[in-house]
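Here is the structure we will look at.
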Number of protein chains: 2
Amino acid sequence: MVVLVSPGLDEARLELGKALEARMMVTMVANCTVSYSGRTGSDIGEGERLIVLKGDGCVLVHRGRDYQPVNWQPSGCVFQTRIEGGRLLVKAVRPSPLETLTIEMDRIEFLSTFNLKDEAEFILHSSEEEMQKAILAEPDLIEQGLRVIDFEKKVAPGFVDVYGVDSQGNTVVIEIKKDPAGAAAVKQLVEYLKYLSPAEGKKVRPIIVAPSLAKGVLPTMEKMKIEFKPLTLQKSLETLQKRMKSDQKALKGWLGDAPSEKS
Amino acid sequence: MVVLVSPGLDEARLELGKALEARMMVTMVANCTVSYSGRTGSDIGEGERLIVLKGDGCVLVHRGRDYQPVNWQPSGCVFQTRIEGGRLLVKAVRPSPLETLTIEMDRIEFLSTFNLKDEAEFILHSSEEEMQKAILAEPDLIEQGLRVIDFEKKVAPGFVDVYGVDSQGNTVVIEIKKDPAGAAAVKQLVEYLKYLSPAEGKKVRPIIVAPSLAKGVLPTMEKMKIEFKPLTLQKSLETLQKRMKSDQKALKGWLGDAPSEKS
DNA sequence: CGTGCCAGGTGCCTT
DNA sequence: AAGGCACTTGGCACG
C-alpha cells in the first residue's frame with residue numbers, strides 16, 4: 001500500500017506505473033479534464049475528481065456527487081501514461097469496441113495504491129428468477145391444477161418464462177415481472193401469443209405474474225384477454241423456503257429408512 | 001482534506017461523521033462485509049473493498065476488479081454510523097423505495113475525505129443526436145430534394161426522428177439509429193406508420209438511417225417497403241464540421257462587410 | 001408521485 | 001458476433 005499526498009507529476013506517474021504493472025488498484029484525487037471517444041464521445045473541463053483504476057483494466061471517474069461515474073472504461077483496457085506540457089496524461093484504451101478514455105491531470109491532491117484481498121462470494125437474492133423457481137416448484141401459486149410443461153421456452157421473438165397446461169387442457173403462457181407490469185410486459189406477452197396455438201378445441205391463456213399492474217395497461221389486457229395473477233417476491237421466497245424445508249424433511253426420512261453409503 | 005492510514009475505529013467514525021456532516025466525499029479501504037435489503041437482497045462475506053460515500057448521500061462498494069460496484073446505494077440516502085462488537089457499522093438508508101445497505105468494517109486500512117471543486121459542465125456528443133442534426137442541416141445526406149418539415153414529431157406511440165417531404169411530394173419518415181439497425185428499429189418505424197398518412201395521391205416512405213443493417217431484418221423491411229440509407233456518425237460529424245466552417249466563413253464575411261457594434 | 005423511455009447502459013446467456 | 005433480456009438497472013421528462 002502506498003499513500004501520497006500532493007505528489008509531483010513524476011512521482012505520481014512512477015507510482016501509478018508500478019501499481020498498474022502489479023495489477024493493483026489505484027485511487028487518485030486530482031484536478032483534471034476527461035475526454036472520451038468511442039461509441040460516442042464526451043468532454044468535461046477542469047475539475048477535481050476521484051479517479052479509480054483497477055487491476056483488471058477498468059477505470060472510473062467520479063465527481064463529488066451522483067451514483068454514476070461521469071466517465072469510465074470497462075475491464076480489459078490497456079493503460080498508458082505520459083507527462084506532457086506540465087500535465088499527467090492517462091489513457092485507457094479498450095480494444096473492442098475501440099474506445100479511448102483520456103484523463104489529463106495538472107494537480108494531484110492525492111494518490112494511493114492497494115492490493116485488495118477479497119475472496120468472498122457475492123450472493124444476490126435475485127428476484128425474477130426466484131419468482132420463476134417458486135412457480136415451477138409450486139404451480140398452485142398461479143392456480144389449482146396448473147401443470148408446467150416448459151420454461152424459458154423459445155418462441156420466435158424471445159423466450160416464454162413459463163409454459164404449461166391448466167386443469168381444462170388450455171395452454172397457459174406466463175410472463176413474470178418483479179416490478180409492476182407496464183405496457184412493455186403486455187407487449188412482450190402479446191408478441192409471444194402470435195406464435196403459440198392451443199390444443200384442439202382449447203384456448204391459450206396468457207397470464208402476467210407480477211406484484212401489481214401499472215395504471216394504463218388494464219384496457220389492453222382486457223382487450224387481449226390477458227389475465228393477471230399477483231405474486232410478490234416475498235411470497236415466492238416464502239414458498240421456496242417452505243419447499244426446501246419439506247424437501248429436507250423428506251430427505252431425512254429417506255436417510256432414516258435407508259442410510260446412504262459414503263461415496 | 002484528511003488522510004488517515006490504519007485509523008482506529010473510533011477515529012475513523014469521528015472523521016466519517018464530520019465529513020458526512022460537511023457533505024464531503026469519503027473514500028475508505030477496509031476489510032468488511034456488506035449486506036443489502038430492499039427491492040431484492042444480497043450478502044457478501046469478509047473481504048477488502050474500496051468504499052466511497054458522497055456528499056449527496058450515495059454509496060459505492062468496489063471490489064478489486066470489475067467496472068460495476070458490488071453493492072451501492074443511489075443518491076439521497078441517510079447515513080448512520082455505529083460501533084458495535086469491535087466493528088464499525090455504516091448504514092445507508094434510502095427512503096423510497098425503502099432499501100438499506102449495511103457495511104460492517106473490522107479493520108480500516110485507510111480513510112480520506114475530500115471537498116471536490118468541480119463546476120465543469122459535462123458534454124456528451126450523443127451520436128444519434130449528431131446524426132439527426134446532420135440530416136436537418138443537410139437533408140441531401142439522405143437524398144436530393146428532401147425537405148424536412150419537422151423532427152421529434154409526436155405521433156401516438158412516440159416521436160418520429162425526422163419527418164419531411166421528398167421531391168415528388170411523398171411523405172418521408174426517418175428513423176435514425178446510431179448502431180446497426182435491428183428488428184427493434186423496424187418495429188418502431190412500423191408502429192409510427194400506423195399513425196401517418198400521405199398527401200392525396202402520394203406515398204409514405206419509411207426510411208431507416210443507420211451505419212448498417214442487422215442480419216435478419218431485410219425480409220421484414222422489404223415486406224414493409226422500408227428503405228435503408230446508410231449513414232455513419234463519422235460522416236454526420238464531418239457534415240456538421242463543414243457546415244460550421246461555412247457558417248463561420250459566412251459570419252466572417254458578414255462582419256467584414258458590416259462590422260457589428262459592441263453590445 | 002407513477003409511467004414511459006433512453007443509456008457510451010452493463011452483464012449474462014444462447015445460437 | 002448477434003440477439004434477447006434482466007438489472008437493487010439509473011436517469012430524465014412528463015402527466
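The structure displayed is predicted, hence computed values, not measured ones. Letters A, B, ... are given to chains in the order of the sequence lines, protein chains preceding strands, and every chain is numbered from 1. The basis for the numbers below is simple: all heavy atoms, side chains too, and nothing from hydrogens, waters or symmetry mates.
Nucleic acid contact for B:Gly38: none, since no nucleic acid atom lies under 4.0 Å from a heavy atom of the residue. Residue A:Lys187 is out of contact with every strand shown, counting any heavy-atom pair closer than 4.0 Å. If you check every strand for non-hydrogen atoms under 4.0 Å, A:Ala183 touches sugar and phosphate atoms only.
For D:dG4 and C:dG8, the P atoms lie 23 Å apart once the distance is rounded to whole Å. One C1' atom belongs to D:dC7, the other to C:dC6, and the distance between them is 15 Å to the nearest Å. Separating the P atom of D:dT8 from that of C:dC5 is a span of 22 Å, rounded to the nearest Å.
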- Message: Before you tell me yes or no, could you show the steps for A:Leu231 and A:Lys178 under side chain to side chain contact (heavy atoms under 4.5 Å, CB included), namely the whole-Å CA-CA distance, both residues' side-chain angles and the distance that decides it to 0.1 Å?
- Response: CA-CA 9 Å; A:Leu231 180 66; A:Lys178 78 180 179 61; over 6 Å; no

- Stepwise salt bridge (charged side-chain N to carboxylate O under 4.0 Å, His left out) test for A:Arg49 and B:Asp118: CA-CA 7 Å; A:Arg49 282 133 209 166; B:Asp118 183 0; 2.8 Å; yes

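Residues forming a ring-ring contact (aromatic ring centres under 6.0 Å, His included) with B:Phe114 (at least two apart in sequence, or on another chain): A:Phe110.
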- Footprint string (nucleotides 6-15 of chain C, 5' to 3'): B base within contact, S backbone only, - free, heavy atoms under 4.0 Å: --BSSS----

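Taking the side chain as every heavy atom from C-beta outward, B:Leu116 and B:Met25 approach each other to under 4.5 Å.
Computed from coordinates, the A:Glu152 CD to D:dC5 C1' distance equals 9 Å when rounded to whole Å. If you take CD1 of A:Ile176 and P of D:dC5, they are 14 Å apart, rounded to a whole angstrom. D:dA6 atom P lies 12 Å from atom CG of A:Leu189, rounded to whole Å. For A:Lys153 and D:dG4, the NZ to P distance is 17 Å, given to the nearest whole Å. Distance CG (A:Leu213) to C1' (C:dG4): 16 Å, rounded to an integer number of Å.
Applying the 4.0 Å criterion to OP1 and OP2 of D:dA6, one finds that A:Lys177 has a side-chain N or O inside that range.
Ionic pairing of B:Arg87 and B:Glu46 is present here: one or more N-O contacts between side-chain nitrogen and carboxylate oxygen are shorter than 4.0 angstrom.
In this structure a side-chain-to-backbone donor-acceptor pair under 3.5 Å is missing from A:Lys153 to A:Phe159. Counting only distance, with no hydrogens or angles, the side chain of A:Asp161 and the backbone of A:Ile176 share a donor-acceptor pair below 3.5 Å.
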